[in-house]
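Notes follow once the structure below has been shown.
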Amino acid sequence: MRENERVTSATRQPETPAADIPPRLIATDLDGTLLRDDKSVSPRTVAALAAAEEAGIEVFFVTGRPARWMDVVSDHVHGHGLAICGNGAAVVDLHGGPGAHQFVKVRELARENALDAVQLLREAAPGTVYAVEQTYGFYQEPDYPKLHMEIPDNLAPAEELLAEDGPGAAEPVLKILAYHPSIDPDAFLTLSRLAIGDRANVTRSSPSALLEISGPGVSKASTLALCCAERGISHEEVVAFGDMPNDVEMLTWAGQSYAMGNAHPDVIAAASGRTVANNDDGVAVVIERMLRRL
């Protein structure tokens, strides 16, 4: 990982690392990064994204959100219409608008791996409760808290939800969510990674002890790399933005990367630069400066 020697405050201008290679793609996280805390996209940010596209730079939204939560940015996908959702578990075409999106690529979590992860984490962290995210369905255990503004399609123990003949058996599993009511979020992440090992990829994007568990090797970075390879874009030509641990691999992979002013310490350590906070339009600040240099 690259480490920053300077840390700016949320009110200072971003550090701008020297870039010899013109950018061809911007990859940005949503919550805590592109979106303000009220989940809006500011007019300044909308204008910056449009200007980047007009300059020939593709913009990819790369998020932990499921496809059905992408309506907040569906009006800003421009030409290609694609977004990477579920921490890399799916590439989705948003052109159809809310409720009419299409899955272009799915990198599922095998049910056998998911069940192993559930069992291992139950042993390592008693009291953990689960939800299951699928391409279209959302299922949870009865004790899983109301962390999401939606009604689950089914309530049952995770072992039943993940069974081959379970309620969502016709759909691939994108990720499982694991919540613990009392463990420190970073400690829960470390413990879970040790317990689950290479059976799945474990990360987090919530301020609470809520983990997101995907298939082995599935991350924002690995799916972004696949999308870039299909376009003949190298990692040196990518500029990435993020704020939470689920962004670390993507920020490390990209040629230029920016931690938000409100970012987790691990994200600051992983990024090659830092911008101002999401509420101060940190992504737009960097894009505007980048376009002035082209």
Side-chain angles (χ1 to χ4, degrees), residues 31 63-70 84-90 103 106-220 223 244-249 264:
D31 296 283
T63 178
R65 285 184 173 222
R68 64 185 178 277
W69 288 6
M70 295 299 288
I84 296 172
C85 298
N87 291 327
F103 286 89
V106 173
R107 305 181 68 196
E108 67 182 288
L109 171 62
R111 289 172 184 271
E112 179 181 0
N113 290 56
L115 286 165
D116 285 346
V118 166
Q119 180 180 357
L120 290 166
L121 200 48
R122 284 203 197 281
E123 295 171 357
T128 301
V129 289
Y130 298 92
V132 179
E133 186 75 63
Q134 299 187 230
T135 44
Y136 294 99
F138 179 76
Y139 308 86
Q140 67 180 58
E141 294 190 318
D143 291 336
Y144 187 86
K146 293 183 178 179
L147 300 174
H148 317 286
M149 293 186 295
E150 59 187 320
I151 299 174
D153 296 296
N154 197 289
L155 293 174
E159 290 80 0
E160 293 182 19
L161 297 174
L162 293 167
E164 293 296 339
D165 59 350
E171 294 179 47
V173 174
L174 298 183
K175 65 181 179 180
I176 54 176
L177 302 166
Y179 175 81
H180 199 282
S182 60
I183 299 178
D184 172 80
D186 285 329
F188 191 33
L189 178 59
T190 299
L191 180 154
S192 300
R193 285 175 168 171
L194 290 172
I196 293 171
D198 61 2
R199 293 171 179 80
N201 186 55
V202 186
T203 190
R204 78 177 189 88
S205 61
S206 170
S208 64
L210 176 66
L211 304 181
E212 299 162 69
I213 303 173
S214 306
V218 175
S219 68
K220 290 185 175 186
T223 301
M244 287 296 282
N246 63 330
D247 297 313
V248 165
E249 294 94 337
H264 186 281

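Along the sequence shown, the residues carry numbers beginning at 1.
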Could you report the tightest heavy-atom contact between Ala195 and Ala124, atom names first, then the distance? CB-CB, 3.8 Å
When Leu189, Thr128, Thr203, Ile176 are each screened for side-chain contact (heavy atoms from CB on, under 4.5 Å) with Leu211, the one that passes is Leu189
Does a side-chain heavy-atom distance below 4.5 Å link Val218 with Asn87? no
Separation of Leu174 CG from Arg107 CZ (nearest 0.5 Å): 11.5 Å
Measure the spacing between CG of Asn201 and NZ of Lys220 and express it to the nearest 0.5 Å. 12.0 Å
Flag, side chain of His180 to backbone of Pro126, donor-acceptor distance under 3.5 Å: yes
Asp153 side chain to Phe138 main-chain N or O, any donor-acceptor pair under 3.5 Å? yes
Least distance between heavy atoms, Leu115 atom then Ala158 atom: CD2-O, 4.5 Å
Working to the nearest 0.5 Å, report the span between CG of Leu162 and CD of Glu112. 12.0 Å
How close do Pro142 and Pro157 get, heavy atom to heavy atom, and via which atoms? CD-N, 4.4 Å
Okay, side chain of Asn113, backbone of Arg199: is any donor-acceptor separation there less than 3.5 Å? yes
Test your reading of the model: is there a side-chain donor-acceptor pair from Glu212 to the backbone of Lys175, 3.5 Å cut-off? no
side-chain contact (heavy atoms from CB on, under 4.5 Å), that's the test. Do Met70 and Thr63 meet it? Break it down for me. CA-CA 9 Å; Met70 295 299 288; Thr63 178; 3.7 Å; yes
With a 4.5 Å heavy-atom cut-off, do Leu161 and Tyr130 have their side chains touching? no
What is the distance from atom CD1 of Ile213 to atom CD of Glu133, rounded to the nearest 0.5 Å? 13.0 Å
Polar side-chain atom of Gln134 near backbone of Glu171 as donor-acceptor pair, under 3.5 Å: yes
Could you walk me through whether Phe188 and Leu121 pass side-chain contact (heavy atoms from CB on, under 4.5 Å), step by step? CA-CA 10 Å; Phe188 191 33; Leu121 200 48; 4.1 Å; yes
If we ignore hydrogens and angles and just use 3.5 Å, is the side chain of Arg204 paired with the main-chain N or O of Ala209 as donor and acceptor? no
How far apart are the closest heavy atoms of Arg111 and Ala163, and which atoms are they? NH1-O, 3.4 Å
Pro181 and Gly127: which non-hydrogen atoms are nearest, and at how many Å? CD-O, 3.7 Å
CG (Asn246) and CG (Asp31) are apart, to the nearest 0.5 Å, by 9.5 Å
Of all the heavy-atom pairs spanning Met244 and Pro207, show the shortest one and how long it is. CE-N, 4.4 Å
Point-to-point distance, once rounded to the nearest 0.5 Å, from CG of Leu177 to OG of Ser206: 10.0 Å
